[in-house]
Number of protein chains: 2
Amino acid sequence: MKNTPEKSKYHHGDLRTTLLHVAGEMLKESGIEEVSLRKLAARVGVSRTAPYHHFKDKNALLCGIAEAGFKQLHAMNKRSFNAEGRSTKEKFSLFIHEYVNFAKSNPDLYELMFGRTIWKQENSTQELRAAAYPCFQYQVTMTREWQKLKLLNHSGEENALRASQVLWGTVHGIAKLLIDGIYTDVAHVEEICDYAVDMFLVH
Amino acid sequence: MKNTPEKSKYHHGDLRTTLLHVAGEMLKESGIEEVSLRKLAARVGVSRTAPYHHFKDKNALLCGIAEAGFKQLHAMNKRSFNAEGRSTKEKFSLFIHEYVNFAKSNPDLYELMFGRTIWKQENSTQELRAAAYPCFQYQVTMTREWQKLKLLNHSGEENALRASQVLWGTVHGIAKLLIDGIYTDVAHVEEICDYAVDMFLVH
DNA sequence: GGTAAAATTTGACAGTGTCAAGATTGATTA
DNA sequence: TAATCAATCTTGACACTGTCAAATTTTACC
């Protein structure tokens with residue numbers, strides 16, 4: 001399971017990284033409720049409390065996983081927004097589709113990233129916020145650009161922050177309803193996204 | 001705490017109702033992670049395993065709470081949609097605001113109602129579905145009406161189901177981002193809702 | 001009044017996160 | 001090189017959780 005072939009080391013060497021990696025695997029394989037520190041430690045081949053020397057508590061570990069998720073999401077959003085050889089409308093549509101499909105492909109990770117577990121009552125790590133806030137901010141940057149290009153349906157004075165909150169709310173809401181099992185017809189994701197794009201574009 | 005003054009009864013009389021009621025209180029007071037069957041039983045004044053004769057397991061109890069929540073939400077939606085003395089646009093706006101404010105006022109209940117806990121992997125009770133599906137369906141009914149009245153921005157052929165999925169996704173997403181602690185400025189809820197309304201209306 | 005069913009209890013088990021104290025190792029310094 | 005110290009890891013323990021099985025108590029019914 002480990003990639004380092006060295007055996008029987010009291011000091012693991014890079015336990016922190018390994019814990020994050022394996023915990024991410026467990027999350028993807030079996031969902032958040034199957035991620036326990038004890039199972040994680042057993043799978044890594046270390047005692048129950050060893051993780052506590054690298055993470056303050058379970059919450060800190062989860063924040064670490066989410067942190068990587070936000071970096072991934074941020075990078076993906078940049079790619080969508082700057083996709084070459086496409087019209088602005090197509091890139092807007094691409095963003096919506098890619099976002100929802102990210103959540104669809106990594107349901108448990110997405111659930112963790114945006115769940116109240118790591119955000120409520122000061123639970124979020126400083127490192128997590130340092131990864132998430134730029135990702136949030138980028139939504140506003142993209143929206144401001146779309147507004148400048150007169151892409152979005154709206155009357156009155158434009159506000160990039162408010163518009164991005166609505167747009168982000170929409171993709172987030174669709175993603176959540178999908179992965180939480182409320183929308184049962186997962187097959188129609190693309191149609192829903194297409195319809196959303198159409199409702200937001202000015203005609 | 002109890003409304004029935006009769007004391008020292010081996011048979012509680014209406015334990016099921018009491019459990020649902022008190023569990024709902026605990027949820028509202030301290031959040032879902034503070035709702036445990038043991039604490040609930042202690043608070044009701046009954047042994048740890050007594051609840052198991054009225055609910056198959058903890059999941060069934062949570063479904064029961066959510067069930068009541070959906071009936072409440074459904075009723076509220078009907079009121080918004082049929083509000084007297086208001087234009088259709090105003091009623092559309094009212095629906096958006098009321099929906100988000102329902103989540104804001106009952107964050108933990110809303111979280112439970114739409115969380116994967118009770119929906120994923122066949123966890124949902126038949127009674128829960130019987131309460132939730134009509135609520136979901138009503139979103140489509142409202143949307144169909146709004147489309148007939150040419151209220152919503154869109155090009156091409158209209159589809160009430162798709163449009164309702166997008167609209168519902170939006171209010172759901174805004175609600176979730178708010179109550180999960182991602183949107184830190186809870187004070188601007190009404191502005192966000194107003195902006196959402198404006199983006200969806202045809203101009 | 002006796003019996004069956006319903007409701008509730010106690011005991012037990014496996015699992016969880018986390019703390020405290022001790023054991024082991026690697027790095028630093030004298 | 002030898003000694004020291006901090007980093008790292010382990011064992012033991014605690015309180016808490018959901019849930020099962022078996023025994024107990026009460027109510028309802030024939």
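In the text below, chain A, chain B and the rest are named by the order of the sequence lines, each starting its count at 1. All heavy atoms count here, side chains included; hydrogens, waters and symmetry mates do not.
Going from atom CG of Leu37(A) over to atom P of dC9(D) covers 15 Å, rounded to whole Å.
In this structure, Phe136(A) has its ring center closer than 6.0 angstrom to the ring center of Phe70(A). Remark: aromatic rings of Phe200(B) and His154(A) are distant, center separation not under 6.0 Å.
Among dA12(C), dT10(D), dG17(C), the nucleotide with an atom closest to any side-chain atom of Arg48(B) is dA12(C). Between dT9(C), dG18(D), dT8(D), one nucleotide has an atom nearer to the side chain of His53(A) than all others, and that is dT8(D). For Thr49(A), counting side-chain heavy atoms from C-beta on, the closest listed nucleotide (dT16(C), dT9(C), dA20(C)) is dA20(C).
Closest-nucleotide positions on DNA chain C for Leu15(B) and Tyr52(A) were compared, and the one nearer the 5' end corresponds to Leu15(B). Nearest-nucleotide positions on DNA chain D place Pro51(A) closer to the 5' end than the other of Pro51(A) and Glu34(B).
DNA chain C lies under 4.0 Å from no heavy atom of any residue of residues 109-127 of chain A. DNA chain C is contacted by Asp57(A), Lys58(A) of residues 56-64 of chain A, taking any non-hydrogen atom closer than 4.0 Å.
At a cut-off of 3.5 angstrom, the base of dT18(C) holds at least one donor-acceptor pair with the side chain of Arg38(A).
When the side-chain nitrogen and oxygen atoms of Ser36(B) are compared with OP1 and OP2 of dT17(D), one or more of them lie within a distance under 4.0 Å. Side-chain nitrogen and oxygen atoms of His54(A) include at least one within less than 4.0 Å of the OP1 or OP2 phosphate oxygen of dC9(D).
Under the 4.0 Å criterion applied to side-chain N and carboxylate O atoms, Arg43(A) and Glu25(A) are assigned as salt-bridge partners.
With sequence neighbours excluded, the residues satisfying side-chain contact (heavy atoms from CB on, under 4.5 Å) with Glu190(A) are His97(A), Asn101(A).
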